[in-house]
Amino acid sequence: MNPLARAFFEIAPYLLTFAVFALVPGRNQRLPLRLGMGAVAALLHVFVTCTWSGAPSLEESATSWPNLLSFLTFLPLVAAVFLLFLPRQSPGLLKNFTLAVLAIDFVASLSLLGVSAESGWRYQVVADWIPSLGIRYHVAVDGLSLWMVLLTTFTTPIAAIVAFGSIRERIKDLCFSLLMLHGAMLGAFISLDLFLFFVFWELMLIPMLILIGVYGGVDRIKAAYKFFLYTMVGSMMMLAAILYMVWTHKTLAGYITFDYLALSKLVLPKTAAYFCFAGFALAFLIKVPVFPFHTWLPDAHVQAPTGGSVLLAAVLLKLGTYGYLRFCMGMLGGPAGVVSTPLASVVIALGIIYGALIAWKQDDVKRLVAYSSVAHMGFIMLGLFAANPAGVKGAILQMINHGVSTGALFLLVGVIYDRRHTRMVGEFGGLAKVMPIYTSLFILVTMSSVGVPGTNGFVGEFMVIMGTFLGFEHLGPFAHFQAILASTGVILAALYMLSVVQKVFFGPLSNPKNKHLPDMNARELFAISPLVGLIFIIGFFPSLFLDRMGPSVEAVLDRYREHRQEFTAQEENSEARLMGRRGGPLESGYPEAPKSDAEKTAQASKNQAEEKAQ
């Protein structure tokens, strides 16, 4: 077959998908909406094809676009700076520029789906940044961070579309914040140097503070301060732990490094290990959030604009769970294993169950979804505490599920708020009669959030509960009882979500203000459609996601078990030491000791001699 014909047959299925969804009959569907729906369907088709088909070898994926991660991270950051030079008086230009950058970033990130499922780092880039302090630009992805990067590039354009529909003032500041936040979140997920990670971690704080404090509701300033203070307290504790570990590594190895691969080889004395674990865990548990550090989240969600709530729920909270898995379990597995049982009990009783009960009693729909988020994030942490393949893979899948389902719920709450400027449940009733499309989508996303089989929420919650049930090694003899208690959270989720559905959408249409509400418009349907598509893709084909993360989960659990064994074998007054290196793909990019001046001179002389010989 000639190349032109081959190219046509390769692209034809995607064109057919685009045409079918663009031509779906419907009332009042204009050309832009049809084209948008077709584009969304085609991109989802590309996504499924890339995850289903055989991936190229590691060498092919590494050389195809070696600086892909740097491109994904710094494109929005550079675009945010460039946007400052665009005229504030042209909001259309600012919005289109922002959406174009985010769309390019998303399409480029689909290249990550071509990586193989083998254990190891992909698209790794290592370069000296501040050599005198041992700080490097070290970025890479594995089966854990891969899905977090894709979740970020997938969600941010949706949040931008939603924000542009409801916010009419200070568009330039809004666009700058969205681009800056997008780049910072990506940077945090791909960083393997702890100094670089901390820079991106703190950089996220500024644009999110602007989104809440400038574009939020009546109590936005209070919510912004609360978000800032909680996050900064955790960040300072984490920074102290990082500096202590760097200093200890310098004492043992003779050189300074902030690299994750090197610091994960540290075996600290028990007291020091507990303190360092507390510093990291505090920062991440605040971000999740876990009781009693959860009180900032409902205020931030309720006061933030819809786009900000979507990003907060879909991505920012996952930095807490990702950070705990990567750094607490990956570097400080000994203390993490000791506290896993009591922390599991906390997230079950005061996260999953308490969060669900508080959500049940809310009269504000957005606050209800915010408290439901506390309960769902409790399931994710429970899977991590179980520390077995089923629990951890279920937790990672549930991170994706929560981003999709809860992000969609906040989007839908924003739709009704834009029309009525109230979110109180008592103000509604009988909306199914006037907004049938909106009602259908809300019920669908509710089924996803509850965990009905066939939707994305079912698989993740089932795996977490199963992992907890089998988690005797790390959760102790009460693992069965903890799994049973956690499963009651699923029942409570159905109780509060179906209750609000019944009150808002069914019954008599008694409020005259609701009788002429318009149904969802083209922009809103375009924003929600990819989330709805993922609900069914994950629900019916979870192995597309689970297979890619499997080897990386096994590698993290191996490192976690190794740290636990080293920690348990220590004597009370033992000193810090370094574990031996294993080599292999998991230690690719390991920082070596800097060469002395004599070694550098000898190496230069050797290179010159080789050049002359040639």
Q. Cut-off 3.5 Å, side chains only: do S448 and N456 have a donor facing an acceptor?
A. yes

Q) Run the salt bridge (Lys or Arg N to Asp or Glu O under 4.0 Å) check on D142 and R326 step by step: do they pass? A) CA-CA 11 Å; D142 62 354; R326 175 72 75 200; 2.8 Å; yes

Q) Quick one: do E587 and K265 make a salt bridge, cutoff under 4.0 Å? A) yes

Q. Centres of the Y260 and F197 rings: under 6.0 Å?
A. no

Q.
Taking the cut-offs as 6.0 angstrom to the six-membered ring centre and 45 degrees off its axis, would you call R220 and Y215 a cation-pi pair?
A. no

**Q.** Exceeds 12 heavy-atom contacts within 6.0 angstrom, atom CD of E592
**A.** yes

Q.
Between F154 and L534, is there a side-chain heavy-atom distance shorter than 4.5 Å?
A. yes

Q: Using modelled atom types only, decide if a donor and an acceptor are shared between the side chain of T153 and the backbone of L150 within a distance under 3.5 Å.
A: yes

(Q) Less than 4.5 Å apart, side chain to side chain, heavy atoms only: is that true for L531 and I528? (A) yes

**Q.** Atom of M399, atom of T321 and distance for their closest heavy-atom approach
**A.** SD-OG1, 3.4 Å

Q: In sequence, state the C-alpha distance, the side-chain angles, and the governing distance for M238 and L194, and then conclude on side-chain contact (heavy atoms from CB on, under 4.5 Å).
A: CA-CA 10 Å; M238 179 169 65; L194 267 70; over 6 Å; no

Q) Has the side chain of K95 got a donor or acceptor atom that lies under 3.5 Å from a matching backbone atom of I171? A) no

Q) Hey, is the main chain of G403 close enough, under 3.5 Å, to the side chain of T406 for a donor-acceptor pair? A) no

Q: Look at the side chain of K226 and the backbone N and O of D299, then say whether any donor-acceptor pair between them is shorter than 3.5 Å.
A: no

Q. Would you find a donor on one side and an acceptor on the other, under 3.5 Å apart, between the side chain of S264 and the backbone of M331?
A. no

(Q) For a quick test of reading the model, state the closest non-hydrogen atom pair linking A184 to M204 and the distance between them. (A) CB-CG, 3.5 Å

Q) Side chains of S373 and H402: is there a donor and an acceptor less than 3.5 Å apart? A) yes

**Q.** Closest approach of S191 to V139 (non-hydrogen atoms, all atoms of both residues)
**A.** CA-CG1, 4.4 Å

Q) How about F82 and F97: are their ring centroids closer than 6.0 Å? A) yes

Q.
If you apply the rule side-chain contact (heavy atoms from CB on, under 4.5 Å), what do you find for H249 with L578, and how did you get there?
A. CA-CA 8 Å; H249 186 275; L578 288 171; 3.9 Å; yes

Q: Using modelled atom types only, decide if a donor and an acceptor are shared between the side chain of H138 and the backbone of L196 within a distance under 3.5 Å.
A: no

Q. Quick check: does any side chain N or O of S309 sit under 3.5 Å from a backbone N or O of H301, one acting as donor and the other as acceptor?
A. yes

**Q.** Any donor-acceptor pair under 3.5 Å from N96 side chain to G92 backbone
**A.** yes

Q: Give a yes or no on this: more than 12 heavy atoms of other residues, nucleotides or ligands lie within 6.0 Å of atom OH of Y225.
A: no

Q.
With a 6.0 Å cut-off on the ring centroids, do Y137 and W129 count as close?
A. no

**Q.** Least distance between heavy atoms, S235 atom then F198 atom
**A.** O-CE1, 3.4 Å

(Q) Checking L77 against F200 for the side-chain contact (heavy atoms from CB on, under 4.5 Å) test, could you report, in this order, the C-alpha distance in whole Å, the side-chain angles of both residues, the deciding distance, and whether it holds? (A) CA-CA 11 Å; L77 295 177; F200 284 120; 4.1 Å; yes

Q) Are the charged groups of R136 and D259 less than 4.0 angstrom apart, N to O? A) yes

Q: Test Y322 against every option in F284, W201, F189 by the ring-ring contact (aromatic ring centres under 6.0 Å, His included) rule and name the one that passes.
A: F189

Q: Begin with the C-alpha distance, continue with both residues' side-chain angles, and end with the deciding distance and a verdict on side chain to side chain donor-acceptor pair (under 3.5 Å) for S70 and Y123.
A: CA-CA 9 Å; S70 299; Y123 292 99; over 6 Å; no

**Q.** Step-by-step side-chain contact (heavy atoms from CB on, under 4.5 Å) determination, V288 to L317
**A.** CA-CA 5 Å; V288 170; L317 304 188; over 6 Å; no

Q) What pair of heavy atoms forms the shortest contact from A160 to L99, and how long is it? A) CB-CD2, 3.9 Å

Q: Kindly compute the distance separating CG (L178) from CG (L94), expressed to the nearest 0.5 Å.
A: 11.5 Å

Q. Just wondering, more than 12 heavy atoms not from Y255 lying within 6.0 Å of its OH?
A. yes

Q. Is a donor on one side and an acceptor on the other found under 3.5 Å between the side chain of R170 and the backbone of I167?
A. no

Q. Quick one: CE on M329 to CZ on F280, what's the gap to the nearest 0.5 Å?
A. 15.0 Å

Q | Check: F526 main-chain N/O paired with S529 side-chain donor or acceptor under 3.5 Å | A | yes

Q.
How close do T98 and C175 get, counting heavy atoms only, and between which atoms?
A. OG1-CB, 3.1 Å

Q) Is it true that the NZ or CZ of K318 lies under 6.0 Å from the centre of W147's six-membered ring and within 45 degrees of the ring axis? A) no

